[in-house]
Amino acid sequence: MLIACDATPTSRFDMLNLPLCACMTTLTLTHTLTSNSFSPLLKFLKPAAIVAILVYLQLKFSQSRIRSLGLEPLERFGQKLAARKSLSVFLVGLSLLAIRSAVIPVSGIPQPEFHDENSYLLAADTFAHGRLTNPPHPMWVYFETFHVIWHPTYMSMYPPGQGLILALGQILGNPWIGQLFAAALMCAAICWMLQGWIPPQWALLGGILVVARLGLLSYFTNGYWCACLPALGGALVLGALPRIKHHTRRRDAVIMAIGLFILANTRPYEGFLLSLGVAIALFIWMLGQNRPPVRVSLARIVLPLVLTLAPLAAWTGYYYYRVTGNPFRMAYDANRETYSMGRYFIWQQPWPQKTYHHARMQAKYERELQDALAYKTLPGFIRSAGSKLFYFWQTYLVSPLPFVLIALPCAARDRRLRVPWMIAAIFVTGLAVEVWFLPHYFAPAAALLFLVLMQCMRHLRQFRWRGQPAGLAFVRAVSVIYIGTVILRIALAVTHIHPEHEWQHEDMQRASIVQQLKNLPGDHLILVSYSPDFDPDREWVYNLSNIDASKIVWARDMGPEKNRELLAYYPTRQFWMVHANSSPAPPRLEPYPQ
């Protein structure tokens, strides 16, 4: 959506205004491309100034001239499309699939970079081969790595949701195909959720904004993290709530149950926080003044929820029974109890000192312990809260979208948001007691955030200044800048003028080694050592579900004496050694002296 400055000028001012409008629009669309070189204050002031100038230019035209800018016909088309709710939801998801797929020749398929992603891919490879878990490997100590359990089975420590969607992609040709489908479903579900709370034209705009940022230019889509699925689950739960209250339909209860299942199998703790707020709101309504008859509540809400959740919960229990031997013990708990000393919540005491086989793993978990202990102090808590807010802002509130929050006082008094505010308060309080935070921890409530933003925009649109539609101009300016910037960034990346860094997602050094050995005959094993300054969040020792059947196996260098045992176990493999360091130069792959 671009501003078309094609009105016929009728005055000298208008003739000067047209090139100025074009210039400001270009600056608007390119400001994020260079924002990294500015201080935080200028990063805020620059888009704020551009928004102000665009609003001023719009208000200098008469009301009829505002219509001539080309936005009103587009808005009328959007209203007609939004009235067809199902079609709108479908098109929002389809647009993400179509746009992101179209740029694959330029962007390529994202490759994993961080240890979390490799753990999810281990689960995907396991499921894609028809297994729920893998037997422990007899030489597991050489393959020991982060976010993986080795006993009683060999498997990712994470809940199975992300692994299942990536497994679908792997069956179709590449795990990232599953991630792309999850992203499309997330965008469509958030649009559907918004339709349950606000008018459909605003829900459609919210869906477009989600596609523009979270769908196209964030690690939600461009990677293998568990981000899109919890956002999808949260949107289903939040979208089902108003529909249940308004229509008491069984299908809405079933949709809520599916959302709860997705949350439980992706981000269990954060999903519980969101579900708790929704459950309280639903319980208050079912017992309140406008409650439905008890028979209706049981037949159309409670029973469908229970009947849908029961088999899904049974499958989850069976999965953990196969992985850990206990249906109520998550693989996550097994991993943390084995390796970690620092714990995730502020009230928990650290685990006892652990014994580690590898210095690199010991250093990481000792750092975690220091973070957890610091979080229990007031200065540490304040610093961490600031970091959490920063990471949240960088992902969800990309400029100029935060400017609409000036209407937050009005939105806060809006009766439509009373229940969402209560749910959000429970959710944010629960996040505050977690020691660590990454933006996808907030993913279950992503739809809730866009509901608040859309309500702020609705209130802003009604604002008038000296009889002028200042609020309308402001909302249009923010929307044009937000969407137009994404369009231009994609266009520049496609023309190779500016590489889109959100798509450049992979560990190129490790990938170059893999490509080198794939072209050589036979099977290979790489012994990896690390320099002290190598990024602790990057890890090269990761393997697929069937280690012995893999063409390339990665193992830790444990010294000449201990390595002999591994050499004896793999007598037919070619052994290599590599030293991972922070240098941008490609690492040297050398034959291992035997």
Side-chain angles (χ1 to χ4, degrees), residues 109-129 131 133-151 153-158 160 162-163 166-167 169-170 174-176 178-179 219 223-226 323 331-332 334-335 338-339 356-365 505-518 523-530 534-558 566 570 573 575-581 587 589:
I109 300 293
Q111 298 296 321
E113 182 176 6
F114 299 102
H115 38 52
D116 306 75
E117 297 175 281
N118 286 292
S119 181
Y120 287 125
L121 288 170
L122 167 61
D125 189 62
T126 302
F127 297 143
H129 285 87
R131 301 186 297 272
T133 189
N134 309 284
H137 197 281
M139 310 300 290
W140 66 273
V141 70
Y142 293 91
F143 311 130
E144 201 171 16
T145 190
F146 301 105
H147 309 320
V148 170
I149 66 169
W150 293 95
H151 300 286
T153 61
Y154 165 47
M155 187 53 173
S156 167
M157 78 170 188
Y158 288 114
Q162 180 74 352
L166 294 178
Q170 182 168 327
N174 189 288
W176 187 72
Q179 183 65 37
Y219 77 99
Y224 300 87
W225 296 82
C226 185
V323 174
Y332 192 94
N335 177 274
T338 301
Y339 293 106
Y356 300 94
H357 299 103
H358 310 286
R360 178 172 169 82
M361 297 187 71
Q362 180 174 345
K364 177 173 174 56
Y365 288 114
H505 180 80
E506 61 182 304
D507 190 333
M508 296 300 296
Q509 292 183 326
R510 188 180 190 274
S512 67
I513 296 174
V514 171
Q515 190 60 42
Q516 180 179 347
L517 293 183
K518 276 185 176 180
D523 296 333
H524 306 272
L525 189 145
I526 307 170
L527 291 167
V528 183
S529 59
Y530 298 90
F534 191 75
D535 185 355
D537 290 325
R538 292 171 57 201
E539 177 58 57
W540 286 8
V541 179
Y542 271 98
N543 293 287
L544 297 177
S545 58
N546 190 341
I547 298 177
D548 290 346
S550 302
K551 179 179 178 64
I552 302 173
V553 173
W554 297 80
R556 296 187 182 276
D557 186 351
M558 298 185 68
L566 195 60
Y570 291 112
R573 286 186 179 268
F575 275 66
W576 304 86
M577 57 188 301
V578 66
H579 184 71
N581 56 62
L589 187 65

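As the structure is a prediction and not an experimental result, all values here were calculated from the model.
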To the nearest 0.5 Å, how far apart are [atom1] in [X] and [atom2] in [Y]?
X: Cys226; Y: Leu166; atom1: SG; atom2: CG; answer: 9.0 Å
X: Gln162; Y: Tyr224; atom1: CD; atom2: OH; answer: 10.5 Å
X: Phe534; Y: His579; atom1: CZ; atom2: NE2; answer: 9.5 Å
X: Gln111; Y: Glu113; atom1: CD; atom2: CD; answer: 11.0 Å
X: Asn543; Y: Trp554; atom1: CG; atom2: CH2; answer: 9.0 Å
X: Leu544; Y: Asn134; atom1: CG; atom2: CG; answer: 10.0 Å

Just by modelled atom types, is the [Y] backbone N or O under 3.5 Å from a matching donor or acceptor in the [X] side chain?
X: Arg573; Y: Ile526; value: no
X: His151; Y: Ala334; value: no
X: Tyr530; Y: Trp540; value: yes
X: Ser529; Y: Asp557; value: no
X: Arg556; Y: Glu144; value: yes

What are the two closest non-hydrogen atoms of [X] and [Y], and how far apart are they?
X: Leu121; Y: Pro112; value: CD1-CG, 3.6 Å
X: Asp537; Y: Lys364; value: OD1-NZ, 3.6 Å
X: Val323; Y: Ala331; value: CG1-CB, 3.9 Å
X: Asn118; Y: Glu539; value: ND2-O, 4.3 Å
X: Ser156; Y: Leu122; value: N-CD2, 3.6 Å
X: Ala124; Y: Ala167; value: O-CB, 3.4 Å

Side-chain contact test, heavy atoms from C-beta onward, threshold under 4.5 Å: evaluate it for [X] versus [Y] and give yes or no.
X: Trp576; Y: Ile552; answer: no
X: Tyr154; Y: Thr126; answer: no
X: Ile547; Y: Trp140; answer: no
X: Val148; Y: Trp150; answer: yes
X: Asp548; Y: Tyr570; answer: yes

Whether [X] and [Y] hold their rings parallel, tilted or perpendicular, with breakpoints at 30° and 60°:
X: His115; Y: Phe146; answer: tilted
X: Phe114; Y: Trp225; answer: tilted
X: His147; Y: Tyr158; answer: tilted

